[in-house]
Protein chains: 2
Amino acid sequence: MDRDARKAQLAEAVWQVILDQGISAVSVRTVAEHAGVVVGSLRHVFPTRSELVQFSAELMMERVTERLLTATPHDDSREYVVAKIKNVLPLDPDSRAEYEVNLALLAERAAVPGLLQVRLDAHHQLAKLCVRLVEILTGQSGTPAVASRAHRLHALIDGLAFHLFHQPVEADTTWALDIVWSEVSAIAADTNSGEITR
Amino acid sequence: MDRDARKAQLAEAVWQVILDQGISAVSVRTVAEHAGVVVGSLRHVFPTRSELVQFSAELMMERVTERLLTATPHDDSREYVVAKIKNVLPLDPDSRAEYEVNLALLAERAAVPGLLQVRLDAHHQLAKLCVRLVEILTGQSGTPAVASRAHRLHALIDGLAFHLFHQPVEADTTWALDIVWSEVSAIAADTNSGEITR
DNA sequence: AGCAGCGTAGCACGACCGTGCTAGTATGTG
DNA sequence: CACATACTAGCACGGTCGTGCTACGCTGCT
């Protein structure tokens with residue numbers, strides 16, 4: 001078997017164990033068993049537990065990035081932006097699981113220092129995406145209003161993700177999309193709305 | 001020593017271990033050592049690990065609730081609302097630690113089922129607070145616009161908390177407060193702004 | 001004084017942990 | 001064919017884990 005495929009297989013086993021039994025249950029033994037390999041084989045690819053955990057975090061981020069980069073052309077710029085945002089929200093069982101694993105790995109960062117960087121990378125990447133989306137909507141670039149609006153959009157997205165994660169899988173999610181739509185419309189309609197009126 | 005004080009002492013030790021070594025390092029032994037008691041004593045209070053972890057989650061939520069209930073009178077209703085919101089954001093090292101522990105415990109919910117309920121309670125409590133704040137700002141009550149605005153405010157607060165958590169302790173936090181101010185002002189200024197213009 | 005109850009201390013057990021290590025086995029290359 | 005390389009398989013070690021259990025001291029009631 002291809003080495004990268006084996007690594008991916010093991011990383012996916014890590015995710016599964018996290019979902020089934022929590023992050024504390026992630027050990028070389030449980031993961032190897034879940035992946036259907038013996039510990040020796042796992043350790044041939046990942047000599048230590050830290051490397052295993054860190055790689056599974058990196059692969060997760062890579063998958064998300066990949067999904068984000070797939071072009072989703074739309075006639076209307078607002079529709080395009082909303083489609084992009086839907087890509088990063090935990091709206092279906094798969095992305096919910098992804099989000100949960102993400103949170104769990106975040107909680108292990110004291111034990112596996114490398115996870116901190118992975119998390120920060122993901123955060124900055126989403127920040128950059130938000131800036132890009134706001135630029136698309138407003139037609140402006142580099143202005144303080146853009147930065148402010150992007151910041152706000154970013155916070156809103158993370159908050160919605162957190163909320164969606166808290167409700168049952170089968171629950172209604174249109175309210176979240178409504179909030180996204182209203183925010184996107186507001187950005188598109190009023191390019192000055194990012195100013196602080198304190 | 002008073003029994004409740006002992007339980008609190010042990011719960012605080014749990015929090016400290018999470019911050020120092022991650023959730024996976026939370027065991028009856030590490031926690032007992034951190035609290036300066038022997039395992040036998042800890043187990044006299046918390047017979048099993050699950051009870052220990054669950055109680056520490058419950059106490060954390062209780063502490064936050066307590067802080068939220070302390071009245072903070074302000075002349076201006078907007079100032080009052082912003083003060084309340086500042087109470088739930090991880091703005092200082094203490095509340096940052098609190099937030100981190102919260103996330104870590106969330107990640108253990110597969111292993112300790114009771115944590116799920118604790119987390120949901122916290123979520124709903126914050127939701128109720130948001131409704132109350134919007135009612136104060138708008139003077140309305142029970143209308144769909146209030147519910148919508150509250151939902152949105154709730155998401156924004158959770159998102160900002162997530163963001164603040166991602167930046168260094170010493171970093172600037174005024175941008176977050178600016179966003180809070182602008183949102184609060186928007187709610188106060190336009191009671192119809194919660195409508196969806198899709 | 002005797003005694004009960006509560007909290008402290010700690011031993012013991014079997015299980016699981018990460019990791020170092022060796023032996024076998026398949027595979028591709030000369 | 002021989003042989004190196006890559007992978008699989010698994011043993012062994014010292015350590016930590018949760019938890020059942022007993023023994024000891026203190027404190028207050030009768």
Side-chain angles (χ1 to χ4, degrees), chain A residues 1-59 104-105 107-115, chain B residues 1-59 104-105 107-115:
Chain A
M1 179 183 266
D2 180 79
R3 190 181 178 88
D4 287 341
R6 169 56 50 98
K7 288 172 85 173
Q9 176 199 7
L10 289 167
E12 280 163 19
V14 169
W15 305 342
Q16 202 55 55
V17 171
I18 289 178
L19 293 176
D20 289 349
Q21 306 168 252
I23 184 76
S24 299
V26 172
S27 69
V28 290
R29 283 177 171 85
T30 55
V31 171
E33 192 180 2
H34 226 94
V37 302
V38 292
V39 180
S41 300
L42 182 150
R43 297 191 54 234
H44 186 74
V45 185
F46 297 116
T48 69
R49 177 188 187 267
S50 287
E51 293 172 60
L52 168 66
V53 172
Q54 179 152 353
F55 177 82
S56 60
E58 285 164 0
L59 182 64
L105 290 172
E108 253 318 74
R109 79 194 218 289
V112 184
L115 292 178
Chain B
M1 180 182 262
D2 181 79
R3 190 182 180 87
D4 287 340
R6 167 58 49 96
K7 288 172 86 173
Q9 175 199 5
L10 289 167
E12 281 162 19
V14 169
W15 304 343
Q16 202 56 54
V17 171
I18 289 178
L19 294 176
D20 289 348
Q21 306 167 252
I23 184 76
S24 299
V26 172
S27 69
V28 290
R29 283 175 171 85
T30 56
V31 172
E33 193 181 2
H34 226 94
V37 302
V38 292
V39 181
S41 300
L42 183 150
R43 297 192 54 235
H44 186 73
V45 185
F46 298 115
T48 69
R49 178 188 186 266
S50 288
E51 293 173 59
L52 169 65
V53 172
Q54 179 153 352
F55 177 82
S56 59
E58 286 165 359
L59 183 64
L105 290 173
E108 259 305 83
R109 78 193 218 291
V112 184
L115 292 178

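Lettering of chains follows the sequences in order, A, B, ..., and the numbering in each one begins at 1.
Atoms CD (A:Q9) and P (D:dC7) sit 14 Å apart, rounded to a whole Å. Counting to the nearest Å, the C1' atom of C:dG20 and the CZ atom of A:R29 are 12 Å from each other. Between the CZ atom of A:R3 and the P atom of C:dT27 there is a distance of 18 Å, given to the nearest Å. As rounded to whole Å, 13 Å separates atom P of C:dG18 from atom CD of A:E51. Residue B:K7 contributes atom NZ, which lies 15 Å from atom C1' of C:dC6 at whole-angstrom precision. Atom pair A:R49:CZ and D:dT16:P shows a separation of 16 Å (rounding to whole Å applied). The interatomic distance linking B:L42 (CG) with D:dC17 (P) rounds to 12 Å, in whole Å.
No contact: B:V45 has no heavy atom under 4.0 Å from any strand.
Judged by distance alone, with hydrogens and angles left aside, A:R43 brings a side-chain donor or acceptor within reach of the base of C:dG20, the pair sitting under 3.5 Å.
Position along DNA chain C of the nearest nucleotide to A:A25 versus A:G40 favours A:A25 as the more 5'-ward residue.
With values rounded to the nearest 0.5 angstrom, A:E33 atom CD is found 9.0 Å from A:S27 atom OG. To the nearest 0.5 Å, the span separating CG on B:L42 from CD on B:E51 amounts to 10.5 Å.
Closest to the A:T30 side chain, of the nucleotides C:dT8, C:dC17, D:dA9, is C:dC17. When distances are taken from the side chain of B:V38 to each of D:dT19, C:dG7, C:dG10, the shortest belongs to C:dG10.
Among pairs with a residue in residues 5-47 of chain B, those fulfilling ring-ring contact (aromatic ring centres under 6.0 Å, His included) read B:F46-B:F55, at least two apart in sequence or across chains.
Taking 4.0 angstrom as the limit, B:S27 places a side-chain polar atom (N or O) nearer than this to OP1 or OP2 of D:dC17. In this structure, B:H44 reaches the C:dG7 phosphate: one of its side-chain N or O atoms is under 4.0 Å from OP1 or OP2.
Taking each heavy atom of B:L59 and B:A8 in turn, the nearest pair found is CD2-CA, 3.8 Å.
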